[in-house]
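Just so we're on the same page: letters track the sequence lines, and every chain starts at 1. The basis for the numbers below is simple: all heavy atoms, side chains too, and nothing from hydrogens, waters or symmetry mates. None of these values were measured; they are calculated from a predicted model.
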Number of protein chains: 2
Amino acid sequence: MQLVQIYQCLCDETRLRLLNLLLRGPLCVCHFQTVLSEPQVKISKHLGYLRTRGLVTATRRGNWMIYDLPAAAARSPELAANLACLQDCAAEQSIFRRDLARLTKLDLACGPVAGVSAKNDDGCGCDQPAKILKK
Amino acid sequence: MQLVQIYQCLCDETRLRLLNLLLRGPLCVCHFQTVLSEPQVKISKHLGYLRTRGLVTATRRGNWMIYDLPAAAARSPELAANLACLQDCAAEQSIFRRDLARLTKLDLACGPVAGVSAKNDDGCGCDQPAKILKK
DNA sequence: AAGCTATATTCCTTGCTTGGAATATAGTTC
DNA sequence: GAACTATATTCCAAGCAAGGAATATAGCTT
């Protein structure tokens, strides 16, 4: 992957916020919506943008799409370096810290879950919890 | 400085090439032109873009404008981190390596110079050598 | 199958970025 | 001061990206 393309993915604030959350672990779209407080189209489009450029992966799980960063082994040196850099930098800017805090709160409310068919009414805004188990 | 703004500066290939060269030391516009083989407007505009956003500094020296990165002490943590990251990444991509090689060749042809009023006919494409002495 | 949920896509508008041609500016040399 | 050099700016056209409204799609539930 070309270096410029990585930076093109990073040059939008919404995308930075999405990636910052993904650095903590995989997530489904509805939880991005909740944490960022942004409309569904916006989130979905930016995730699509990142996906077509290989910065995130997406796997369907029932109704939900689980987005994740590419596996460490699958990251180019450039991508790995820039994700590490982003993580460091984001830790110092309030907007990213706030997002992570909100995500943590969501996690606590929802708790981890393995399956997909159980409903829960945890008030997350969707019927499925935030904490997605890594395969 | 906001992190996004840094990435916005980095998301254009021409600007990446300029910054990559600047990581080696200060340079005047005409040498960017020579190394990148791009028209003057293009170089000048991208340098202007970087300048207004604080990613480079510019000082006039006779007819020449010397561009440089902000002094290490003046760099925000985010900028410092990303410049370091860029330097690492650029070292692995051929276009940036080629640029550095061309710059080195220019240096050899021109040699270091302190003053500004002496002409030389070193074939650099302008009357002033490439190697600018740090103040 | 019908209705529901989560997510994606299309269409459209708006604004930004890029690049080039032409021109302007600042400084030098003669 | 006239000519010249290096660089910046203006004006314009084209392309791209972002956001929203409406709609489509995929999978679940009953």
Can you tell me how far [atom2] of [N] sits from [atom1] of [X], to the nearest Å?
X        : N       : atom1 : atom2 : result
Asn63(A) : dA6(C)  : CG    : P     : 7 Å
Leu50(B) : dT17(C) : CG    : C1'   : 14 Å
Met65(A) : dC28(D) : CE    : C1'   : 16 Å
Ile43(A) : dG19(D) : CD1   : C1'   : 12 Å
Arg60(A) : dA8(C)  : CZ    : P     : 8 Å
Arg51(A) : dT9(C)  : CZ    : C1'   : 13 Å
Arg53(A) : dA17(D) : CZ    : P     : 6 Å
Tyr49(B) : dA8(D)  : OH    : C1'   : 18 Å

Which residues pass the side-chain hydrogen bond (donor to acceptor under 3.5 Å, both in side chains) test with [X], not counting sequence neighbours?
X        : value
Arg15(B) : His46(B)
Gln5(B)  : none
Gln33(A) : none

Under 3.5 Å, which donor-acceptor pairs do the side chains of residues 50-58 of chain B form with other protein atoms, sequence neighbours left out?
residue: Thr52(B); atom: OG1; partner: Gly48(B); partner atom: O; Å: 3.4
residue: Thr52(B); atom: OG1; partner: Tyr49(B); partner atom: O; Å: 3.0
residue: Arg53(B); atom: NH1; partner: Tyr49(B); partner atom: O; Å: 3.2
residue: Thr57(B); atom: OG1; partner: Asp68(B); partner atom: O; Å: 3.3

### Query
Could you give all pairs that pass the side chain to side chain donor-acceptor pair (under 3.5 Å) test and reach residues 84-100 of chain A, with sequence neighbours left out?
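The answer is Arg17(A)-Asp99(A), Asp99(A)-Arg102(A).
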### Of the listed nucleotides dT5(D), dA26(D), dA8(C), the one nearest the side chain of Val29(A)
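The listed nucleotide nearest to Val29(A)'s side chain is dA8(C).
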### Task
Among the candidates dA8(C), dG27(C), dG19(D), find the nucleotide nearest to the side-chain atoms of His46(A).
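Ranking dA8(C), dG27(C), dG19(D) by closest atom to the His46(A) side chain puts dG19(D) first.
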### Task
Measure the SG-CD1 distance between Cys89(A) and Ile6(B) for me, rounded to the nearest 0.5 Å.
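One finds 6.5 Å between SG of Cys89(A) and CD1 of Ile6(B).
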### Query
In Å, rounded to the nearest 0.5 Å, how long is the span from CZ of Phe96(A) to CG of Leu19(A)?
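Nearest 0.5 Å value for the CZ-CG distance: 9.5 Å.
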### Task
Remember a base hit wins even if backbone is also touched, and classify Tyr67(B) as base, sugar-phosphate or nothing at under 4.0 Å, heavy atoms.
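It contacts sugar-phosphate atoms only.
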### Query
Residues in side chain to side chain contact (heavy atoms under 4.5 Å, CB included) with Lys45(B), at least two apart?
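Expected list: Val41(B).
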### Query
With Val4(B), which residues qualify under side chain to side chain contact (heavy atoms under 4.5 Å, CB included), at least two apart?
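For Val4(B) the side chain to side chain contact (heavy atoms under 4.5 Å, CB included) partners, ignoring immediate neighbours, are Glu13(A), Leu16(A), Gln8(B).
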### Task
Could you check which residues of residues 8-18 of chain A get a heavy atom under 4.0 Å from DNA chain D? Sort them by number, please.
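Going residue by residue through residues 8-18 of chain A, the ones with a heavy atom under 4.0 Å of DNA chain D turn out to be Asp12(A), Arg15(A).
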### N or O in side chain of Ser44(B) less than 4.0 angstrom from dA8(D) OP1/OP2
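Result: yes.
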Please write out the pairs of protein N or O atoms and N or O atoms of nucleotides 20-22 of chain C separated by less than 3.5 Å, giving the distance to one decimal.
residue: dG20(C); atom: N7; partner: Lys45(B); partner atom: NZ; Å: 3.4
residue: dG20(C); atom: O6; partner: Lys45(B); partner atom: NZ; Å: 2.3

